[in-house]
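Values below: all heavy atoms of this structure, side chains included; hydrogens, waters and symmetry mates excluded. FYI, the numbering just counts along the sequence from 1.
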Amino acid sequence: MQHLLTLEGMTPGQLTDLLDRAQAHADSARDPGTLAGIAVCTLFFEPSTRTRMSFQLAAQRLGAHVLNFDVSTSSARKGETALDTLRNLEAMGVRGFVVRHHDDGAVAALAREARAGTALLNAGDGRSAHPTQGLLDMLTLRQAKGADFSRLKVAIVGDVKHSRVARSDLHALRILGAGEIRVCGPASLLPDDATLAGCRVTHDLDEALEGVDAVMMLRLQRERMEEGLIGSLEGYHRDYGLSRMRLQRAASDAVVMHPGPINRGVEITDDVADGPQSLILRQVANGVAVRMAVLERLLA
Ligand code: CP
(Lines give C-alpha, C1' and ligand atoms only; values in the text may rest on other atoms or scores of the structure.)
Protein backbone atom coordinates (compact mmCIF):
# COMPACT_ATOMS: atom_id res chain seq x y z
CA MET A 1 0.00 0.00 0.00
CA GLN A 2 1.67 3.26 -1.13
CA HIS A 3 -1.28 5.57 -0.40
CA LEU A 4 -4.49 5.47 1.64
CA LEU A 5 -7.20 6.94 -0.57
CA THR A 6 -10.29 4.88 0.28
CA LEU A 7 -11.31 1.80 2.24
CA GLU A 8 -13.19 0.45 -0.78
CA GLY A 9 -11.55 -2.70 -2.05
CA MET A 10 -9.68 -3.51 1.16
CA THR A 11 -9.89 -7.08 2.36
CA PRO A 12 -11.24 -7.88 5.84
CA GLY A 13 -7.70 -8.97 6.75
CA GLN A 14 -6.12 -5.67 5.68
CA LEU A 15 -8.72 -3.65 7.54
CA THR A 16 -8.50 -5.82 10.66
CA ASP A 17 -4.68 -5.59 10.66
CA LEU A 18 -4.92 -1.79 10.72
CA LEU A 19 -7.47 -1.91 13.55
CA ASP A 20 -5.28 -4.33 15.52
CA ARG A 21 -2.27 -2.06 15.11
CA ALA A 22 -4.35 0.98 16.11
CA GLN A 23 -5.59 -0.89 19.19
CA ALA A 24 -1.99 -1.66 20.15
CA HIS A 25 -1.18 2.06 19.93
CA ALA A 26 -4.31 2.92 21.93
CA ASP A 27 -3.23 0.47 24.67
CA SER A 28 0.35 1.71 24.83
CA ALA A 29 1.56 4.78 26.70
CA ARG A 30 4.88 4.56 24.83
CA ASP A 31 5.67 6.88 21.90
CA PRO A 32 7.45 4.69 19.34
CA GLY A 33 10.12 6.32 17.17
CA THR A 34 9.16 4.42 14.02
CA LEU A 35 9.01 7.56 11.84
CA ALA A 36 12.11 9.28 13.27
CA GLY A 37 13.67 11.55 10.66
CA ILE A 38 10.67 11.36 8.29
CA ALA A 39 8.84 14.58 7.38
CA VAL A 40 5.04 14.58 7.22
CA CYS A 41 2.94 17.53 6.05
CA THR A 42 -0.73 18.16 6.77
CA LEU A 43 -2.04 19.81 3.61
CA PHE A 44 -5.60 20.92 4.29
CA PHE A 45 -7.57 22.92 1.70
CA GLU A 46 -10.68 22.66 3.90
CA PRO A 47 -11.12 23.37 7.62
CA SER A 48 -10.61 20.65 10.20
CA THR A 49 -10.13 20.28 13.93
CA ARG A 50 -10.16 16.54 14.72
CA THR A 51 -8.52 15.09 11.62
CA ARG A 52 -5.72 17.61 11.28
CA MET A 53 -4.84 17.75 14.99
CA SER A 54 -4.94 13.99 15.46
CA PHE A 55 -2.80 13.37 12.38
CA GLN A 56 -0.29 15.90 13.70
CA LEU A 57 -0.29 14.31 17.13
CA ALA A 58 -0.03 10.82 15.63
CA ALA A 59 2.96 11.80 13.48
CA GLN A 60 4.64 13.49 16.46
CA ARG A 61 4.09 10.41 18.64
CA LEU A 62 5.81 8.36 15.93
CA GLY A 63 8.78 10.72 16.01
CA ALA A 64 8.21 12.38 12.60
CA HIS A 65 8.96 16.00 11.71
CA VAL A 66 5.51 17.54 11.26
CA LEU A 67 4.78 20.47 8.94
CA ASN A 68 1.44 22.19 8.95
CA PHE A 69 0.53 23.76 5.60
CA ASP A 70 -1.73 26.74 6.22
CA VAL A 71 -3.60 27.60 3.01
CA SER A 72 -4.42 31.11 4.18
CA THR A 73 -0.75 32.11 4.57
CA SER A 74 0.72 29.95 1.80
CA SER A 75 1.47 30.61 -1.86
CA ALA A 76 -1.79 28.83 -2.68
CA ARG A 77 -3.22 32.29 -2.05
CA LYS A 78 -1.10 33.52 -5.01
CA GLY A 79 -2.56 30.85 -7.24
CA GLU A 80 -0.07 28.00 -6.79
CA THR A 81 -1.76 24.73 -7.58
CA ALA A 82 -2.06 21.81 -5.19
CA LEU A 83 0.20 19.77 -7.49
CA ASP A 84 2.93 22.42 -7.56
CA THR A 85 2.64 22.67 -3.77
CA LEU A 86 3.12 18.90 -3.51
CA ARG A 87 6.11 18.92 -5.85
CA ASN A 88 7.81 21.73 -3.94
CA LEU A 89 7.30 20.03 -0.59
CA GLU A 90 8.54 16.73 -2.06
CA ALA A 91 11.64 18.60 -3.21
CA MET A 92 12.25 19.60 0.43
CA GLY A 93 12.15 15.93 1.39
CA VAL A 94 8.63 15.60 2.74
CA ARG A 95 7.53 11.95 2.38
CA GLY A 96 4.05 11.85 3.85
CA PHE A 97 1.14 14.12 2.85
CA VAL A 98 -2.11 14.16 4.76
CA VAL A 99 -4.48 15.90 2.35
CA ARG A 100 -8.01 17.23 2.72
CA HIS A 101 -9.61 18.79 -0.33
CA HIS A 102 -13.08 19.98 -1.31
CA ASP A 103 -13.01 18.20 -4.70
CA ASP A 104 -13.93 14.53 -5.14
CA GLY A 105 -10.89 12.61 -6.34
CA ALA A 106 -8.43 15.45 -5.65
CA VAL A 107 -6.23 13.35 -3.36
CA ALA A 108 -6.15 10.44 -5.83
CA ALA A 109 -5.17 12.87 -8.59
CA LEU A 110 -2.23 14.11 -6.50
CA ALA A 111 -1.28 10.52 -5.66
CA ARG A 112 -1.01 9.70 -9.37
CA GLU A 113 1.59 12.47 -9.76
CA ALA A 114 3.52 11.74 -6.57
CA ARG A 115 7.09 10.44 -6.62
CA ALA A 116 7.84 6.83 -5.74
CA GLY A 117 8.35 6.79 -1.98
CA THR A 118 5.84 9.57 -1.33
CA ALA A 119 2.67 8.54 0.52
CA LEU A 120 -0.64 10.38 0.34
CA LEU A 121 -3.26 9.90 3.03
CA ASN A 122 -6.76 11.04 2.22
CA ALA A 123 -8.07 13.15 5.10
CA GLY A 124 -11.38 13.71 3.30
CA ASP A 125 -12.06 14.58 -0.35
CA GLY A 126 -15.37 16.15 -1.34
CA ARG A 127 -18.15 13.74 -0.56
CA SER A 128 -16.12 10.69 -1.65
CA ALA A 129 -14.09 9.23 1.18
CA HIS A 130 -12.70 9.80 4.65
CA PRO A 131 -10.91 6.52 5.21
CA THR A 132 -9.31 7.20 8.59
CA GLN A 133 -12.70 8.31 9.94
CA GLY A 134 -14.11 4.99 8.72
CA LEU A 135 -11.28 3.15 10.49
CA LEU A 136 -11.65 5.00 13.77
CA ASP A 137 -15.40 4.44 13.70
CA MET A 138 -14.84 0.70 13.22
CA LEU A 139 -12.28 0.61 16.03
CA THR A 140 -14.74 2.38 18.33
CA LEU A 141 -17.54 0.02 17.37
CA ARG A 142 -15.30 -3.02 17.81
CA GLN A 143 -14.23 -1.89 21.29
CA ALA A 144 -17.87 -1.46 22.30
CA LYS A 145 -19.45 -4.47 20.61
CA GLY A 146 -16.68 -6.98 19.92
CA ALA A 147 -14.98 -8.10 16.75
CA ASP A 148 -17.89 -10.11 15.31
CA PHE A 149 -19.92 -7.59 13.31
CA SER A 150 -22.20 -10.23 11.81
CA ARG A 151 -24.93 -9.77 14.40
CA LEU A 152 -24.68 -5.98 14.57
CA LYS A 153 -27.53 -3.78 13.43
CA VAL A 154 -26.24 -0.32 12.62
CA ALA A 155 -28.26 2.76 11.65
CA ILE A 156 -26.62 5.61 9.72
CA VAL A 157 -28.79 8.70 10.00
CA GLY A 158 -28.84 12.08 8.31
CA ASP A 159 -27.14 13.74 5.38
CA VAL A 160 -25.72 10.65 3.66
CA LYS A 161 -25.73 12.30 0.24
CA HIS A 162 -22.99 14.80 1.06
CA SER A 163 -21.11 12.66 3.59
CA ARG A 164 -17.69 11.16 2.87
CA VAL A 165 -17.84 9.74 6.41
CA ALA A 166 -20.97 7.74 5.52
CA ARG A 167 -19.33 6.37 2.37
CA SER A 168 -16.22 5.23 4.23
CA ASP A 169 -18.32 3.79 7.08
CA LEU A 170 -20.47 1.90 4.58
CA HIS A 171 -17.38 0.45 2.91
CA ALA A 172 -15.90 -0.59 6.24
CA LEU A 173 -19.13 -2.05 7.65
CA ARG A 174 -19.59 -4.17 4.52
CA ILE A 175 -15.96 -5.35 4.59
CA LEU A 176 -16.32 -6.37 8.24
CA GLY A 177 -19.62 -8.15 7.52
CA ALA A 178 -22.07 -6.04 9.53
CA GLY A 179 -25.35 -7.95 9.98
CA GLU A 180 -27.72 -5.16 8.98
CA ILE A 181 -27.08 -1.61 7.83
CA ARG A 182 -30.01 0.77 7.93
CA VAL A 183 -29.79 4.18 6.33
CA CYS A 184 -32.23 6.94 7.23
CA GLY A 185 -32.71 10.53 6.15
CA PRO A 186 -34.98 12.72 4.08
CA ALA A 187 -35.15 11.68 0.42
CA SER A 188 -33.35 14.89 -0.56
CA LEU A 189 -30.32 13.88 1.54
CA LEU A 190 -29.97 10.26 0.45
CA PRO A 191 -27.90 9.35 -2.61
CA ASP A 192 -29.70 7.69 -5.50
CA ASP A 193 -26.68 5.75 -6.79
CA ALA A 194 -25.07 2.48 -5.72
CA THR A 195 -23.87 3.95 -2.40
CA LEU A 196 -26.73 2.36 -0.48
CA ALA A 197 -26.66 -1.05 -2.17
CA GLY A 198 -27.64 -3.75 0.32
CA CYS A 199 -28.78 -1.27 2.97
CA ARG A 200 -32.29 -1.08 4.40
CA VAL A 201 -33.34 2.46 3.50
CA THR A 202 -36.09 4.33 5.33
CA HIS A 203 -37.20 7.93 5.77
CA ASP A 204 -38.70 7.15 9.19
CA LEU A 205 -36.22 7.62 12.05
CA ASP A 206 -38.26 5.60 14.56
CA GLU A 207 -38.26 2.64 12.16
CA ALA A 208 -34.51 3.01 11.58
CA LEU A 209 -33.75 3.02 15.30
CA GLU A 210 -35.89 0.03 16.30
CA GLY A 211 -33.60 -2.47 18.07
CA VAL A 212 -30.31 -1.23 16.59
CA ASP A 213 -26.97 -1.75 18.36
CA ALA A 214 -25.33 1.41 17.08
CA VAL A 215 -26.54 4.73 15.74
CA MET A 216 -24.14 6.71 13.59
CA MET A 217 -25.43 10.26 13.28
CA LEU A 218 -24.13 12.49 10.49
CA ARG A 219 -23.56 16.22 10.32
CA LEU A 220 -25.64 18.28 7.95
CA GLN A 221 -22.98 19.20 5.34
CA ARG A 222 -24.33 22.64 4.57
CA GLU A 223 -21.08 23.68 2.85
CA ARG A 224 -21.70 21.00 0.19
CA MET A 225 -25.47 21.36 -0.05
CA GLU A 226 -27.51 23.15 -2.69
CA GLU A 227 -30.18 25.50 -1.36
CA GLY A 228 -33.56 24.05 -0.48
CA LEU A 229 -32.61 20.42 0.22
CA ILE A 230 -33.99 20.68 3.72
CA GLY A 231 -36.73 22.92 5.08
CA SER A 232 -36.00 24.50 8.43
CA LEU A 233 -33.43 23.23 10.92
CA GLU A 234 -36.27 22.91 13.43
CA GLY A 235 -38.15 20.67 11.02
CA TYR A 236 -35.04 18.60 10.38
CA HIS A 237 -34.50 18.17 14.11
CA ARG A 238 -38.11 17.17 14.63
CA ASP A 239 -37.94 14.47 11.95
CA TYR A 240 -34.29 13.31 12.09
CA GLY A 241 -32.77 14.63 15.32
CA LEU A 242 -31.71 12.04 17.88
CA SER A 243 -33.21 12.77 21.31
CA ARG A 244 -33.12 10.68 24.48
CA MET A 245 -36.74 9.67 23.99
CA ARG A 246 -36.11 8.53 20.43
CA LEU A 247 -32.98 6.63 21.43
CA GLN A 248 -35.17 4.40 23.62
CA ARG A 249 -36.27 2.61 20.44
CA ALA A 250 -32.73 1.30 19.97
CA ALA A 251 -31.35 -1.67 21.96
CA SER A 252 -30.91 -0.75 25.63
CA ASP A 253 -27.11 -1.01 25.26
CA ALA A 254 -27.00 0.80 21.92
CA VAL A 255 -24.12 3.18 21.35
CA VAL A 256 -24.30 6.59 19.69
CA MET A 257 -21.60 7.95 17.39
CA HIS A 258 -21.06 11.18 15.47
CA PRO A 259 -17.94 12.15 13.50
CA GLY A 260 -18.11 15.79 14.59
CA PRO A 261 -18.35 18.67 14.43
CA ILE A 262 -21.80 18.40 16.00
CA ASN A 263 -24.63 20.76 15.21
CA ARG A 264 -26.08 20.52 18.71
CA GLY A 265 -29.85 20.62 18.81
CA VAL A 266 -30.04 19.80 15.09
CA GLU A 267 -28.73 16.25 14.52
CA ILE A 268 -28.52 15.37 18.16
CA THR A 269 -29.60 16.76 21.51
CA ASP A 270 -27.08 17.66 24.21
CA ASP A 271 -28.28 14.94 26.58
CA VAL A 272 -27.60 12.25 23.95
CA ALA A 273 -24.32 13.75 22.69
CA ASP A 274 -23.00 14.02 26.24
CA GLY A 275 -24.92 11.06 27.66
CA PRO A 276 -23.83 7.59 28.82
CA GLN A 277 -24.42 5.91 25.45
CA SER A 278 -22.35 8.43 23.51
CA LEU A 279 -18.96 7.29 22.15
CA ILE A 280 -18.26 10.59 20.43
CA LEU A 281 -15.14 11.49 22.41
CA ARG A 282 -13.98 7.85 22.31
CA GLN A 283 -14.08 8.19 18.49
CA VAL A 284 -11.87 11.28 18.75
CA ALA A 285 -9.41 9.52 21.05
CA ASN A 286 -9.24 6.54 18.69
CA GLY A 287 -8.45 8.91 15.83
CA VAL A 288 -4.91 9.38 17.12
CA ALA A 289 -4.25 5.63 17.40
CA VAL A 290 -5.74 4.89 13.97
CA ARG A 291 -3.70 7.63 12.33
CA MET A 292 -0.53 6.33 13.99
CA ALA A 293 -1.29 2.91 12.51
CA VAL A 294 -1.82 4.19 8.97
CA LEU A 295 1.17 6.57 9.02
CA GLU A 296 3.35 3.70 10.19
CA ARG A 297 1.94 1.32 7.57
CA LEU A 298 2.68 3.74 4.73
CA LEU A 299 5.89 5.38 5.88
CA ALA A 300 7.83 3.22 8.33
N1 CP B 1 -14.62 14.19 11.71
C2 CP B 1 -13.90 15.15 11.09
O3 CP B 1 -13.43 14.96 9.96
O4 CP B 1 -13.75 16.30 11.82
P5 CP B 1 -12.88 17.54 11.32
O6 CP B 1 -13.56 18.13 10.13
O7 CP B 1 -12.83 18.48 12.49
O8 CP B 1 -11.52 17.02 10.95
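- The only member of C199, P191, C184 that meets side chain to side chain contact (heavy atoms under 4.5 Å, CB included) when paired with V160 is P191.
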Please assess R282 against T140 for the test side chain to side chain donor-acceptor pair (under 3.5 Å), listing each intermediate value before the final yes or no.
CA-CA 7 Å; R282 168 61 45 197; T140 307; over 6 Å; no

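- Shown here are the side chain to side chain donor-acceptor pair (under 3.5 Å) partners of Q143, two or more places apart in sequence or in another chain: Q23, N286.
- Considering only residues two or more places apart in sequence or on other chains, T6 meets the side chain to side chain donor-acceptor pair (under 3.5 Å) condition with none of them.
- Remark: D70 engages no residue in a salt bridge (Lys or Arg N to Asp or Glu O under 4.0 Å) (not counting sequence neighbours).
- Applying the ring pair (Phe, Tyr, Trp, His ring centres under 6.0 Å) test to F149 and every residue at least two apart in sequence or in another chain returns nothing.
- Using a 4.5 Å heavy-atom cutoff, the side chains of L247 and L242 are in contact.
- For R100 and F44, the positive end is not near the middle of the six-membered ring at less than 6.0 Å and at most 45° from its axis.
- In this structure, the salt bridge (Lys or Arg N to Asp or Glu O under 4.0 Å) partners of R21, at least two apart in sequence or on a different chain, are E296.
- For the salt bridge (Lys or Arg N to Asp or Glu O under 4.0 Å) test, residues two or more places apart in sequence or in another chain that qualify with E210 are R249.
- By the side chain to side chain donor-acceptor pair (under 3.5 Å) test, Q133 pairs with D137, sequence neighbours left out.
- Residue D253 places its CG atom among more than 12 non-hydrogen atoms of other residues, nucleotides or ligands, all under 6.0 Å distant.
- Every residue two or more places apart in sequence or in another chain was checked for a side chain to side chain donor-acceptor pair (under 3.5 Å) with Q60, and none qualifies.
- Proximity of R297 to M1: side-chain heavy atoms (C-beta onward) are separated by under 4.5 Å at one or more points.
- The backbone N or O of G105 sits less than 3.5 Å from a side-chain atom of D125, completing a donor-acceptor pair.
- The only member of L176, L152, L136, L19 that meets side chain to side chain contact (heavy atoms under 4.5 Å, CB included) when paired with L141 is L152.
- Residue pairs that meet the side-chain hydrogen bond (donor to acceptor under 3.5 Å, both in side chains) test with at least one member in residues 168-178, sequence neighbours left out, do not exist here.
- Looking only at side-chain heavy atoms (C-beta outward), R87 and E113 come within less than 4.5 Å of each other.
- The line from OG1 of T269 to NE2 of H237 is 6.0 Å long, rounded to the nearest 0.5 Å.
- Rounded to the nearest 0.5 Å, atoms OG (S75) and CZ (R77) are 11.0 Å apart.
- In this structure, the side chains of P261 and R219 come closer than 4.5 Å at one or more pairs of heavy atoms.
- Residues satisfying the salt bridge (Lys or Arg N to Asp or Glu O under 4.0 Å) test with R164, not counting sequence neighbours, are E46.
- Side chain to side chain, T202 and D204 fail the donor-acceptor criterion of an N or O pair below 3.5 Å.
- Applying the 4.5 Å side-chain rule to ILVMFWY residues, one finds L5, L43, F45, L67, F69, V71, L83, L86, L89, M92, V94, V99, V107, L110, L120 in the same cluster as F97.
- Screening residues 272-281 for side-chain hydrogen bond (donor to acceptor under 3.5 Å, both in side chains), with sequence neighbours left out, gives R264-D274.
- In this structure a side-chain-to-backbone donor-acceptor pair under 3.5 Å is missing from R95 to I38.
- Taking 4.5 Å as the limit, every side-chain heavy atom of Q283 sits out of range of all side-chain heavy atoms of L139.
- For the pair L196/I181, no side-chain contact is recorded, criterion being any heavy-atom separation below 4.5 Å from C-beta on.
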